[in-house]
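In what follows, a structure is listed as structure tokens, so that the remarks can point back to it.
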Amino acid sequence: MEAATAFSSSWFLKSSILPRTLHNFPNNYHHYQSIISLPVRYELSSKSSSSPLRLHPQKEIGFWIEPWNRKKAKGLFGTSQTSAVRQITGSLTCAEGLRFAIVVARFNEIVTKPLLEGALDTFKRYLVKEEDIDVVWVPGSFEIGVVAENLGKSRKYQAILCIGAVIRGDTSHYDAVANSAASGVLSAGLNSGVPCIFGVLTCDNMEQALNRAGGKSGNKGSEAALTAIEMASLFEHHLKL
Ligand SMILES: Nc1c(NC[C@H](O)[C@H](O)[C@H](O)CO)[nH]c(=O)[nH]c1=O
Ligand SMILES: CC(=O)[C@@H](O)COP(=O)(O)O
């Protein structure tokens with residue numbers, strides 16, 4: 001996908017898609033919105049206006065290099081791209097139209113609120129519409145799993161983002177809540193078949209937590225939103241049953 005974006009922005013591909021090549025494309029070529037044939041005797045220039053290929057940076061693009069040209073193409077995309085192995089990843093640039101639920105714990109709200117804001121901001125930057133996001137508040141991180149599983153099973157969302165902050169106290173309660181939150185989110189994903197993302201901080205003290213909620217260590221809510229988009233895209237565009 002990243003390679004395809006680079007193509008569309010700076011290179012002009014003088015070849016055109018060969019129906020023969022499309023016909024020969026192995027297995028699941030229908031997974032891709034566009035398939036580019038690279039007969040390797042391509043010519044590149046920066047004049048993209050008259051390109052016969054309309055590359056859309058927000059669409060998944062599959063590359064098919066004819067077997068007899070693969071040796072020559074080696075190095076263009078790295079060796080793995082030239083083998084017969086298909087590599088599949090979710091995309092961050094196909095987030096439009098995907099729906100997300102965020103389950104957020106009220107406990108340690110001073111931390112979870114900025115984590116939520118970071119997540120919402122990232123969804124916005126990646127073109128997820130506000131109406132495609134539902135935020136569900138729960139009392140504490142211990143409660144996240146059951147709600148996430150329920151939301152996953154509703155089939156209304158492509159990914160569920162779970163946000164919480166477990167901060168160590170004087171007793172072993174921390175371990176119980178942190179472990180329950182982690183296994184709850186994991187089970188929710190496995191049982192519902194919908195990606196459930198672990199955006200729950202497990203910190204030794206409040207300073208560590210605030211640093212990760214928009215402080216000097218970034219915003220883990222924002223990072224978790226990116227993971228949610230990638231996983232939602234992976235499932236929606238490639239792994240749908
Ligand atoms: N101590 C923390 C909690 N504790 C509350 C539990 O999550 C739960 O709500 C309660 O045990 C009732 O079932 N929650 C956090 O999210 N973070 C904590 O540090
Ligand atoms: C992780 C917690 O639940 C925490 O608030 C418990 O604190 P303590 O161990 O001092 O009771």
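Numbers here simply count residues along the sequence, with the first being 1.
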For the [atom1] atom on [X], are there more than 12 heavy atoms of other groups (residues, nucleotides or ligands in this structure) within a distance under 6.0 Å?
X: E109; atom1: CD; result: yes
X: I110; atom1: CD1; result: no
X: E130; atom1: CD; result: no
X: F142; atom1: CZ; result: no

Got a donor-acceptor contact below 3.5 angstrom from the [X] side chain to the [Y] backbone?
X: E143; Y: P139; answer: no
X: D121; Y: S222; answer: no
X: R99; Y: K156; answer: yes
X: E230; Y: L92; answer: no
X: T122; Y: G118; answer: yes

Heavy-atom closest contact ([X] atom, [Y] atom, distance):
X: I88; Y: H238; answer: CG2-CG, 3.4 Å
X: S141; Y: G164; answer: OG-CA, 3.6 Å
X: G199; Y: L115; answer: O-CD1, 4.4 Å
X: I229; Y: A95; answer: CG2-CB, 3.7 Å
X: F123; Y: A228; answer: CZ-CB, 4.2 Å

Side chain to side chain contact (heavy atoms under 4.5 Å, CB included) with L201: which of N108, V111, N211? V111
Looking at V147, L116, I163, which one forms a side chain to side chain contact (heavy atoms under 4.5 Å, CB included) with W137? L116
T227 and F198: CA distance, side-chain angles, deciding distance, side-chain contact (heavy atoms from CB on, under 4.5 Å) verdict: CA-CA 9 Å; T227 305; F198 190 62; over 6 Å; no
Between V135 and V104, is the side-chain contact (heavy atoms from CB on, under 4.5 Å) condition met? List the steps. CA-CA 7 Å; V135 177; V104 52; 3.8 Å; yes
Take C94 and H237, measure what side-chain contact (heavy atoms from CB on, under 4.5 Å) needs, and give me the verdict at the end. CA-CA 9 Å; C94 300; H237 301 128; 3.4 Å; yes
Between atom CD1 of I102 and atom CD1 of I133, what is the distance when rounded to the nearest 0.5 Å? 5.5 Å
Nearest-0.5 Å distance that lies between atom CD1 in I197 and atom CD1 in I160: 9.0 Å
Are the side chains of [X] and [Y] in touch, meaning some heavy atoms are under 4.5 Å apart?
X: T112; Y: F107; result: no
X: V103; Y: V138; result: yes
X: L234; Y: L239; result: yes
X: L151; Y: Y157; result: yes

Full working for side-chain contact (heavy atoms from CB on, under 4.5 Å) between V194 and F235: CA-CA 8 Å; V194 173; F235 273 62; over 6 Å; no
Should the pair K153-E149 be classified as a salt bridge under the 4.0 Å nitrogen-to-oxygen rule? yes
